[in-house]
Amino acid sequence: MSVEASRIGEVPDEELRFTFRSNRLCLAFVATVGERWRGNHERLREPVDLERWYLEADLLDQPPAVTRAGLEAARVLREAIYRIARALIAGHLPTAADEAALNAAAAFPPLIPALRAGTSRLTLPSARAQQSALSTVARDAIDLFASTAIDRIRECASPQCGLLFVDTSRPGRRRWCSSTACGGKARAATYRHRLAASSDTSTRRVGMPERDDASKHPDPKLS
């Protein structure tokens, strides 16, 4: 067993689950790497994982058959999108290399919209299906990065998350990728901290010696 395979085998199952809290297709694609700040867990380990992502992202009812080369192309696109997003968050321009990688992926024809039972669905073209699926993701990224929504791209404030998302709230001051996930954990942690601090303060007060009150012990010289 290779070192890489051994490392992948040690990743907890929950770290391999896809997450879709980004409010944008391209940023959800970026989230196929978990714990970028620490574990850097690759969730697209095999071609079948990318096929599964297309299904779970509700992008396609029937995903393309992904090859090893197609998986590598997807990873290249993903990392270019990630670096561009981080650059824009920091107020910097993307590198020419990352823009070129994004544009190259978007140059292929995208998925084809079709009407089914009154609902619009995306379908695969007859040729270059892998490239079309990635082109749709790349075009979503270009649409996002060239819009006024770039000022709404955020990185989750949780030190255990770091997920990139688009803040769709009206005030535009959202800190967490999800108010029920990371936001809920942060509020619970704050509550526990306050509770512990309050308990510690009460304990110190109980252990303090009683204050010497002159009214309880009058000076006999003053009697």
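Note that the numbering runs from 1 along the sequence shown for the chain. Reckoned from all heavy atoms, side chains included, excluding hydrogens, waters and symmetry mates.
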Subject >> Side-chain touch D58/R121, heavy atoms, less than 4.5 angstrom >> reply: yes

Original post:
Is there side-chain contact between C177 and C161, with at least one heavy-atom pair below 4.5 Å?
Top reply: yes

Original post:
Have R78 and T32 got a donor and an acceptor in their side chains that come within less than 3.5 Å?
Top reply: yes

Original post:
Which heavy-atom pair separates A133 from P64 by the least distance, and what is that distance?
Top reply: CB-CG, 4.3 Å

**OP:** Verify ring-ring contact (aromatic ring centres under 6.0 Å, His included) between W176 and F165, making sure each step is shown before the conclusion.
**Re:** CA-CA 9 Å; W176 320 107; F165 67 96; 9.5 Å; no

Original post:
Measuring from L122:CG to D61:CG, what's the distance to the nearest 0.5 Å?
Top reply: 9.0 Å

Original post:
Considering all heavy atoms of both residues, which atom of L50 and which atom of G70 are nearest to each other, and what is their separation?
Top reply: CD2-O, 4.4 Å

**OP:** State, with a plain yes or no, whether a side-chain heavy atom of E46 is found less than 4.5 Å away from one of R68.
**Re:** yes

Subject >> Shortest non-hydrogen separation from L102 to A138 and the atoms involved >> reply: CD1-O, 3.6 Å

Original post:
Is S132 close to P125 at the side-chain level, that is, under 4.5 Å between some pair of heavy atoms?
Top reply: yes

**OP:** Go through T67 and Q130 one step at a time and tell me if the side-chain contact (heavy atoms from CB on, under 4.5 Å) criterion holds.
**Re:** CA-CA 8 Å; T67 63; Q130 291 185 91; 3.3 Å; yes

**OP:** Show your working on side-chain contact (heavy atoms from CB on, under 4.5 Å) between T123 and L111 and close with a plain yes or no.
**Re:** CA-CA 6 Å; T123 60; L111 297 171; over 6 Å; no

Original post:
Using a distance-only test with no angle check, is there a side-chain donor-acceptor pair under 3.5 angstrom linking R86 and Y82?
Top reply: yes

Subject >> Nearest heavy atoms of A105 and L77, plus distance in Å >> reply: CB-CD1, 3.8 Å

Subject >> Hydrophobic cluster membership, L164 vs I150, 4.5 Å side-chain cutoff >> reply: yes

**OP:** Group every Ile, Leu, Val, Met, Phe, Trp and Tyr by side-chain heavy-atom contacts under 4.5 Å, then state whether L25 and F108 land in the same group.
**Re:** no

**OP:** Any chance you could lay out the side-chain contact (heavy atoms from CB on, under 4.5 Å) test for E42 and L16, step after step, and finish with the verdict?
**Re:** CA-CA 8 Å; E42 176 60 76; L16 298 178; over 6 Å; no

Subject >> Between CG on residue N23 and CD1 on residue I153, distance to nearest 0.5 Å >> reply: 12.0 Å

Original post:
Would you call I112 and L124 a side-chain contact if the rule is heavy atoms closer than 4.5 Å?
Top reply: no

Subject >> Side chains of R173 and S169, donor plus acceptor under 3.5 Å >> reply: no

**OP:** Report the C-alpha distance between E155 and R36 in whole Å, list the side-chain angles of each, state the deciding distance to 0.1 Å, and finish with yes or no for salt bridge (Lys or Arg N to Asp or Glu O under 4.0 Å).
**Re:** CA-CA 12 Å; E155 184 175 23; R36 284 180 178 272; over 6 Å; no

**OP:** Might you work through the salt bridge (Lys or Arg N to Asp or Glu O under 4.0 Å) test for E56 and R52, ending with a clear yes or no?
**Re:** CA-CA 6 Å; E56 293 188 21; R52 181 168 57 87; 3.0 Å; yes

Original post:
Would you say the side chain of D151 lies within less than 4.5 Å of the side chain of D167, judging by non-hydrogen atoms?
Top reply: no

Original post:
Is the closest side-chain heavy-atom distance between N103 and I142 below 4.5 Å?
Top reply: yes

**OP:** Can you measure from CZ (R154) to OG1 (T168) and round to the nearest 0.5 angstrom?
**Re:** 10.5 Å

Original post:
Does the side-chain contact (heavy atoms from CB on, under 4.5 Å) test come out yes or no for D140 and R24, once each step is laid out?
Top reply: CA-CA 8 Å; D140 180 69; R24 196 74 188 211; 3.0 Å; yes

Subject >> Close side-chain approach of R152 to L144, heavy-atom, < 4.5 Å >> reply: no

**OP:** Please answer: with hydrophobic residues joined when any side-chain heavy atoms are less than 4.5 Å apart, are F29 and V48 in the same cluster?
**Re:** no

**OP:** Kindly say whether H41 contributes a backbone atom to a donor-acceptor pair with the side chain of E15 at under 3.5 angstrom?
**Re:** no

Original post:
Quick check: are there more than 12 heavy atoms from other residues, nucleotides or ligands sitting under 6.0 Å from CG of L115?
Top reply: yes

Original post:
Between D143 (side chain) and R139 (backbone), is there a donor-acceptor pair under 3.5 Å?
Top reply: no

**OP:** Please check if F145 and V166 belong to a single hydrophobic cluster, counting links between Ile, Leu, Val, Met, Phe, Trp and Tyr side chain heavy atoms closer than 4.5 Å.
**Re:** yes

Original post:
Do F18 and L134 sit in the same hydrophobic cluster, where Ile, Leu, Val, Met, Phe, Trp and Tyr count as joined when their side-chain heavy atoms come under 4.5 Å apart?
Top reply: yes

